[in-house]
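See structure below.
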Amino acid sequence: MSAWTDNAWSEAARLAERIGELARARHAYEQVLAITSDRALRERARGGLARLGGARWDEVKRAHAKWLAESLSGNPQEALGQLEVVTG
């Protein structure tokens, strides 16, 4: 492990979050917390984890993608109901 490993994990988390890979982003933020001694990096990682809010957002993302696909095919009602349930 190099002196820059925590920075690399932090950047990986930021990029994963940006492209919507929320589970990957959470994992990277957790890695930052596990290895960093840098106070600012630790606070950013904690903020990232708080912002992502856990696995629930993965479920919301899946429900939204399903709703979008079904909306484009002309029948969004079932997927919209599921999206309402998970975002409740």
Side-chain angles (χ1 to χ4, degrees):
M1 184 164 41
S2 79
W4 297 101
T5 303
D6 55 356
N7 286 314
W9 277 113
S10 182
E11 185 66 9
R14 188 184 70 76
L15 293 172
E17 188 174 353
R18 185 174 179 181
I19 64 170
E21 294 288 334
L22 306 182
R24 183 175 287 175
R26 280 193 302 275
H27 173 74
Y29 284 131
E30 289 166 354
Q31 292 301 308
V32 172
L33 290 176
I35 64 174
T36 195
S37 58
D38 182 291
R39 176 181 277 162
L41 237 78
R42 178 173 299 165
E43 291 307 311
R44 280 196 298 264
R46 285 185 182 138
L49 286 171
R51 184 175 50 257
L52 294 177
R56 179 176 179 269
W57 289 112
D58 293 335
E59 184 179 354
V60 170
K61 181 181 171 189
R62 282 189 298 276
H64 180 264
K66 181 179 178 186
W67 169 78
L68 183 59
E70 290 183 10
S71 292
L72 295 174
S73 70
N75 185 13
Q77 292 304 319
E78 182 181 334
L80 184 58
Q82 181 61 29
L83 183 59
E84 289 174 348
V85 167
V86 298
T87 59

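Residues Asp6 and Ser37 share a closest heavy-atom pair of OD2-N, 4.5 Å. Of all heavy-atom pairs spanning Val32 and Ser10, the tightest one is CG2-N, 3.4 Å. For the residue pair Ala12 and Ala28, the shortest heavy atom distance occurs at C-CB, 4.3 Å.
Leu41 and Ile35 fall within a single hydrophobic cluster, where Ile, Leu, Val, Met, Phe, Trp and Tyr side chains are chained together by heavy-atom contacts under 4.5 Å. Leu68 and Leu22 fall within the same hydrophobic cluster, where Ile, Leu, Val, Met, Phe, Trp and Tyr residues are linked whenever their side-chain heavy atoms come under 4.5 Å apart, directly or through other members.
More than 12 heavy atoms of other residues, nucleotides or ligands lie within 6.0 Å of CZ in Arg42, so this atom counts as buried by the packing criterion.
Rounded to the nearest 0.5 Å, atoms CD1 (Ile19) and CZ (Arg24) are 6.5 Å apart. One finds the CG atom of Leu33 at 9.0 Å from the CD atom of Glu43 (value rounded to the nearest 0.5 Å).
Screening Arg44, Arg26, Arg51 for a salt bridge (charged side-chain N to carboxylate O under 4.0 Å, His left out) with Glu17, the sole residue that qualifies is Arg51.
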